[in-house]
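Predicted, not measured: the structure shown is a model, and the values here were computed from it. Position 1 is the first residue of the sequence, and the numbers go up from there.
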Amino acid sequence: MSAASCLSTREKVVCFLIFVFAASNNYIIIECYSFVKHKIEYYAILFYMITSKDIQQRLREAIKSSNYSQKEIAELLNIHPTSVNKYMRENTFPSIETFANLCKILDASADEILGLKD
């Protein structure tokens, strides 16, 4: 995918050409070329894309490393124990409310589980 745009002022004309490349391993590369007064500048930005698979893996690790059994977690969350088991074994995610309370119970950072912080 690419995009181009130009911005014109009295003093200069600036043109941008942006290419977006999907790379492997959940990374996206954005290449940007800007043209200012016949000078070309190049920028490349690498973004790591968060996937539900990554979130689920971090959630499972947080549950496993806690001092609680799956049954105890379910009791603390006031949900059925099979729900916690599904979080561990299937592609099932808790509701946002349950997720927030689960993070509190596990003393885990929601940002870390979601991959927003290291």
Side-chain angles (χ1 to χ4, degrees):
M1 179 168 95
S2 65
S5 66
C6 288
L7 171 67
S8 179
T9 64
R10 285 181 139 175
E11 299 168 7
K12 59 184 174 183
V13 174
V14 179
C15 292
F16 296 98
L17 183 59
I18 299 172
F19 296 96
V20 179
F21 300 96
S24 62
N25 298 329
N26 305 328
Y27 288 95
I28 289 183
I29 299 170
I30 298 177
E31 291 185 345
C32 179
Y33 299 87
S34 61
F35 306 94
V36 181
K37 291 187 178 180
H38 306 292
K39 180 181 173 189
I40 299 173
E41 293 184 11
Y42 169 79
Y43 307 93
I45 304 167
L46 179 68
F47 289 99
Y48 178 75
M49 300 305 295
I50 299 168
T51 65
S52 59
K53 184 178 177 181
D54 295 334
I55 295 168
Q56 193 162 39
Q57 183 60 38
R58 286 188 292 271
L59 179 61
R60 289 174 178 160
E61 289 171 9
I63 291 171
K64 283 180 190 176
S65 65
S66 74
N67 294 325
Y68 298 108
S69 69
Q70 291 181 26
K71 184 178 179 182
E72 291 170 325
I73 291 171
E75 288 172 0
L76 291 166
L77 291 171
N78 199 26
I79 60 175
H80 199 276
T82 58
S83 295
V84 179
N85 188 279
K86 287 180 181 180
Y87 306 153
M88 298 299 288
R89 308 223 183 283
E90 298 177 14
N91 289 333
T92 303
F93 289 92
S95 69
I96 193 72
E97 181 181 318
T98 302
F99 177 73
N101 288 315
L102 182 57
C103 289
K104 239 180 176 177
I105 289 167
L106 300 176
D107 194 27
S109 165
D111 284 349
E112 288 176 9
I113 291 174
L114 293 172
L116 303 174
K117 279 188 178 178
D118 293 331

Closest non-hydrogen atom pair, [X] against [Y]:
X     : Y      : answer
Tyr87 : Phe93  : CE2-C, 3.8 Å
Ser66 : Ile73  : OG-CD1, 4.0 Å
Ile55 : Leu114 : CG1-O, 3.9 Å
Glu72 : Asn67  : OE1-O, 4.0 Å
Arg58 : Ile50  : NH2-CG2, 4.2 Å
Phe99 : Ala110 : CE2-CB, 3.8 Å

Nearest-0.5 Å distance that lies between atom [atom1] in [X] and atom [atom2] in [Y]:
X      : Y      : atom1 : atom2 : answer
Leu59  : Ser52  : CG    : OG    : 12.0 Å
Ile63  : Leu102 : CD1   : CG    : 5.0 Å
Cys103 : Glu112 : SG    : CD    : 10.0 Å
Thr82  : Arg89  : OG1   : CZ    : 12.5 Å
Asn78  : Thr98  : CG    : OG1   : 9.5 Å
Lys64  : Gln70  : NZ    : CD    : 9.5 Å

When you compare the side chain of Ile79 with that of Pro94, does any pair of heavy atoms fall below 4.5 Å?
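Side-chain contact under 4.5 Å: no.
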Got more than 12 heavy atoms from elsewhere within 6.0 Å of CD, Glu97?
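Not more than 12 within 6.0 Å, no.
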Donor-acceptor contact present, side-chain Glu61 to main-chain Ile113, <3.5 Å
no
